[in-house]
There are 2 protein chains.
Amino acid sequence: MQSRKEEIKSAAARLFRKKGYSATSMRDIATAVGIKAASIYNHFKGKQDLLQDLLLNIAHLFEKGMAEIESSSLPPAEKMEKLIALHVRLTVEHADAIALIAGEWMHLKDPVLTEYVTIRNTYEQDFKSIIEAGKTDGYFKDHDTEIILFSILSTMRWLYTWYSRHKSYNQVELEKQMTDCLLNGIKK
Amino acid sequence: MQSRKEEIKSAAARLFRKKGYSATSMRDIATAVGIKAASIYNHFKGKQDLLQDLLLNIAHLFEKGMAEIESSSLPPAEKMEKLIALHVRLTVEHADAIALIAGEWMHLKDPVLTEYVTIRNTYEQDFKSIIEAGKTDGYFKDHDTEIILFSILSTMRWLYTWYSRHKSYNQVELEKQMTDCLLNGIKK
DNA sequence: GTCTATATGTCGATAGAC
DNA sequence: GTCTATCGACATATAGAC
């Protein structure tokens with residue numbers, strides 16, 4: 001059961017992803033839902049409000065997932081596996097909204113833009129702490145932390161493009177192979 | 001020495017990257033160059049023409065790089081290293097245009113859109129052939145070829161965001177660490 | 001080759017009827 | 001809660017003077 005407000009949100013997410021935020025008009029979104037553009041303003045304050053709703057929601061899901069992993073007492077290598085699983089799960093469940101993280105967050109306006117960037121920076125800092133703990137404990141090699149973070153996050157952030165073309169792929173198997181690729185590499 | 005036409009192109013690339021294609025106006029580009037919007041039309045047919053010029057140019061650079069690597073008689077593992085080096089080099093030399101590959105190619109219009117996608121698909125097919133040759137020769141593990149391709153390409157395609165924040169990083173060292181991360185993983 | 005002026009269209013958002 | 005009608009801003013692109 002999806003309310004009209006939810007209908008508008010998911011149509012907006014799909015269109016922002018496909019055509020980009022700026023190239024998507026309120027008329028486009030309204031048509032996709034089967035109403036007129038003016039009617040959207042009974043549910044949202046405007047186009048920017050829609051983008052902010054979508055992006056803050058997904059940002060908070062990542063925040064929550066990271067908090068749970070950090071507060072666990074698992075060793076760094078297993079925390080890393082949990083992080084990869086978190087990205088895979090959120091991507092599968094919120095593919096359209098995730099896509100906006102990659103390409104449309106720049107269209108946020110202040111003060112939400114600042115809020116969003118702060119959340120993202122904190123997330124990356126937490127990620128780096130786990131990598132460094134893994135190096136200290138001798139689980140990870142001594143690569144530059146920034147480069148390790150970048151390699152993993154970039155792969156995770158593109159997962160949504162890949163997954164849209166391979167929906168049939170088993171989620172558990174995907175998670176397993178990605179984790180192994182990232183942690184152990186592709187060379188024999 | 002940069003001609004006026006080149007000035008316009010690089011201003012467009014920088015603005016398309018920063019604000020997105022749709023949100024960038026001809027007035028924005030003109031102002032950045034120090035002329036009026038109408039003057040751009042003496043150098044380019046329109047905004048779409050600018051995007052096509054930028055994207056086809058960078059696509060052809062990848063095509064050329066891949067052709068050189070493929071025609072070499074190096075073993076697959078070394079071809080892979082050359083491919084990573086190709087991405088690093090093109091990213092450092094054409095950061096703005098490379099960014100458009102990640103987020104703005106969707107705004108291309110046919111027939112150039114079809115041409116661009118065809119070039120990209122061919123590039124990915126060539127990449128997969130090298131991965132599969134590497135598996136056959138026993139250099140690479142038996143992961144799903146699609147997943148290996150995706151892991152590597154996604155990291156390469158996000159390099160431009162990372163590099164803009166770490167311009168001081170030594171290019172040779174960057175190449176070495178990225179190659180090692182991708183091929184051998186981060187686990188000890 | 002750059003300018004001013006302008007044609008033509010679409011945008012986000014609002015007012016007010018029902 | 002959805003509609004019609006509309007406003008004002010800004011978009012791409014063109015015509016023609018200099």
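In what follows, every chain begins at residue 1, and chains take the letters A, B, ... in the order their sequences are listed.
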Colleague: Using whole Å, report how far CZ of A/Phe44 lies from C1' of C/dT14.
Modeller: 19 Å
Colleague: Is the shortest heavy-atom distance from the side chain of B/Tyr21 to the side chain of B/Met106 under 4.5 Å?
Modeller: no
Colleague: Identify all side-chain donor-acceptor contacts of residues 178-188 of chain B below 3.5 Å with residues at least two apart in sequence or on another chain.
Modeller:
unit_1: B/Thr179; atom_1: OG1; unit_2: B/Glu175; atom_2: O; d: 2.6
unit_1: B/Asp180; atom_1: OD1; unit_2: B/Asn184; atom_2: ND2; d: 2.4
unit_1: B/Asp180; atom_1: OD2; unit_2: A/His143; atom_2: NE2; d: 2.8

Colleague: Centres of the A/Phe16 and A/His107 rings: under 6.0 Å?
Modeller: no
Colleague: So if I take residues 13-41 of chain B and measure heavy-atom distances to DNA chain D, which residues fall below 4.0 Å?
Modeller: B/Thr24, B/Ser25, B/Met26, B/Arg27, B/Ala38, B/Tyr41
Colleague: Side-chain donor-acceptor pair under 3.5 Å between B/Asp96 and B/Tyr160, yes or no?
Modeller: no
Colleague: Is there side-chain contact between A/Lys45 and A/Leu50, with at least one heavy-atom pair below 4.5 Å?
Modeller: no
Colleague: Separation of A/Gln48 atom CD from C/dA13 atom P, in whole Å?
Modeller: 9 Å
Colleague: Report yes or no: do B/Thr114 and B/Asp110 form a side-chain donor-acceptor pair below 3.5 Å?
Modeller: yes
Colleague: Is there a residue in residues 104-113 of chain B whose heavy atoms reach under 4.0 Å of DNA chain D, and which residues are they?
Modeller: none
Colleague: Do the ring planes of A/Trp162 and A/His166 sit parallel (below 30°), tilted (30 to 60°) or perpendicular (above 60°)?
Modeller: parallel
Colleague: Answer yes or no: is there a side-chain heavy-atom contact under 4.5 Å between A/Lys9 and A/Phe44?
Modeller: yes
Colleague: To the nearest Å, give me how far apart NZ (A/Lys47) and C1' (D/dC10) are.
Modeller: 13 Å
